[in-house]
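Here the structure comes first, spelled out in structure tokens, and everything after it is commentary.
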Amino acid sequence: MTQLSGFHRDRIRSVLSASLLMPVITIKHADDAVPLCQALFDGGIRVMEITLRTEHGLKAIKSVREALPEAWVGAGTVTSLAQYRQAEAAGAQFIVTPGLTEALLEFSLTSEAPLLPGVSTASELLLGYGLGYREFKFFPAEVAGGTRALKALNGPFPDVTFCPTGGIRRETARDYLALSNVQTVGGSWLTPDEVVATKDWARITEIAAGSLSDIS
Ligand code: 3PG
């Protein structure tokens, strides 16, 4: 059976090691994408997941890639092969899925953009593990057992690294990052709706820099 290539693993490792925090960004107004991501970048964020939860997601990925060539820009909430292909075509450098299917895993083995597949159980993890995956998103982190679940998963899977997301906040990010099997923590707290709605980009930069300083 085909296994995950070294290129794909190296790419995902580079993404995860580039930033302790990965904002999960949902663009509600197309014009927000570049200034919002620029504000995060100015606050020290180097990896961004732009979700496909709105009609603006794909265009936002394209425009942020052009505006911020030094950032890693990925597509999140990818749930189908069609979206995977569209995200790659838009320039996504990595793909994040909330869960996994065999079809998504197999497609990703030969795709341009590597996959960070979502899991919340050992059984799901094993599907990816058998294909060579060692980096996973853990979602929805807080309701799936939080740091206690991640500690438990480290027993049978000591060589797996997680990016937990889902319910994590600025105050709890540090607890996750203290775990040996967590390299990056993701979440939407870095881009609060009420701040984005007022286009207070300076505040976004403050939140990003403050969150990074809290965990350093
Ligand atoms: C995700 O897709 O990773 C989550 O929706 C982020 O969860 P949060 O909004 O609770 O941070």
Side-chain angles (χ1 to χ4, degrees), residues 12 15-16 18-28 32-33 36-37 39-40 43 45-58 60-61 64 71-80 83-84 86-87 90 92-101 104 108 113-121 124-125 128 133 135-150 153 160-177 179 181-197 203-204 207-208 210-212 214-215:
I12 281 294
V15 167
L16 293 181
S19 192
L20 293 173
L21 299 178
M22 172 152 49
V24 177
I25 303 163
T26 297
I27 299 294
K28 296 194 174 137
D32 289 346
L36 173 60
C37 292
L40 290 164
I45 299 291
R46 295 291 175 264
V47 178
M48 304 168 194
E49 175 189 328
I50 299 179
T51 71
L52 302 192
R53 291 180 202 182
T54 66
E55 59 186 311
H56 308 300
L58 290 170
I61 290 166
V64 174
W72 287 105
V73 182
T77 320
V78 171
T79 56
S80 67
Q83 283 183 324
Y84 202 130
Q86 288 168 343
Q93 292 163 293
F94 63 98
I95 305 290
V96 187
T97 56
L100 54 76
T101 63
L104 280 167
S108 76
L115 174 65
L116 183 67
V119 296
S120 63
T121 67
E124 293 160 351
L125 195 156
Y133 286 86
E135 281 78 27
F136 294 89
K137 163 172 167 141
F138 181 63
F139 175 82
E142 279 288 293
V143 296
T147 54
R148 290 173 63 218
L150 286 164
L153 286 167
V160 166
T161 300
F162 295 95
C163 172
T165 78
I168 302 174
R169 295 287 164 258
R170 178 167 170 171
E171 300 73 29
T172 53
R174 177 194 288 275
D175 299 338
Y176 282 89
L177 288 164
L179 301 174
N181 57 351
V182 171
Q183 177 145 32
T184 308
V185 163
S188 60
W189 88 88
L190 290 149
T191 55
D193 283 346
E194 63 280 12
V195 180
V196 176
R203 178 71 192 131
I204 293 288
I207 294 169
S211 297
L212 282 169
D214 285 355
I215 53 172

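Keep in mind the model is a prediction, meaning the values are calculated, not measured. Counting starts at 1 for both ligands and their atoms, following the listed order.
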### Query
Which heavy atom in L177 sits nearest to a heavy atom in L21, and how many Å separate them?
CD1-CD2, 4.5 Å
### Message
Tell me the protein heavy atom at minimum distance from atom 4 (C) of ligand 1, and give that distance in Å.
### Response
F139 CE1, 3.6 Å
### Query
Between Y176 and Q183, does any side-chain donor sit less than 3.5 Å from a side-chain acceptor?
no
### Summary
The closest protein heavy-atom partner of atom 9 (O) of ligand 1 is S188 OG, 2.5 Å
### Message
Is it the case that ligand 1 has an N or O less than 3.5 angstrom from some N or O of G167?
### Response
yes
### Query
Hey, is ligand 1 close enough to E49 that some N/O pair sits below 3.5 Å?
no
### Query
Which of the atoms of ligand 1 are close to V24, meaning less than 4.0 Å from one of its heavy atoms?
1 (C), 2 (O), 3 (O)
#### Entry: Proximal ligand 1 atoms for G187, defined as those under 4.0 Å from one of its heavy atoms
11 (O)
### Nearest-contact summary for atom 6 (C) of ligand 1 - protein heavy atom, Å
G166 N, 4.0 Å
### Message
If the cut-off is 4.0 Å to any non-hydrogen atom of R169, which atoms of ligand 1 fall inside it?
### Response
10 (O), 11 (O)
### Query
Does W72 have any side chain to side chain donor-acceptor pair (under 3.5 Å) partners at least two apart in sequence or in another chain, and if so, which?
none
### Query
Would you say P98 contacts ligand 1, with heavy atoms under 4.0 Å as the rule?
no
### Atoms of ligand 1, numbered as shown, that sit under 4.0 Å from any heavy atom of K137
1 (C), 2 (O), 3 (O)
### Residue pair T165 / K137, side-chain donor-acceptor N/O under 3.5 Å
yes
### Task
State whether the side chain of S19 and the backbone N or O of M22 hold a donor-acceptor pair below 3.5 Å, judged by distance alone.
no
### Query
N/O to N/O below 3.5 Å, does that happen between R53 and ligand 1?
yes
### Salt bridge present between D214 and R174 (N-O < 4.0 angstrom)
no
### Query
Can you check whether T165 has an N/O within less than 3.5 Å of an N/O in ligand 1?
yes
#### Entry: Rounded distance (nearest 0.5 Å) linking atom CD of E135 with atom CG of N181
11.5 Å
### Message
Test of understanding: given a 4.0 Å heavy-atom threshold, classify the contact between E142 and ligand 1 as side chain, backbone, both, or neither.
### Response
neither
### Task
Please determine, by modelled atom types, if T26 and T51 share a side-chain donor-acceptor pair under 3.5 angstrom.
yes
### Parallel, tilted or perpendicular, as decided by the 30° and 60° cut-offs, for the rings of F162 and F136
tilted
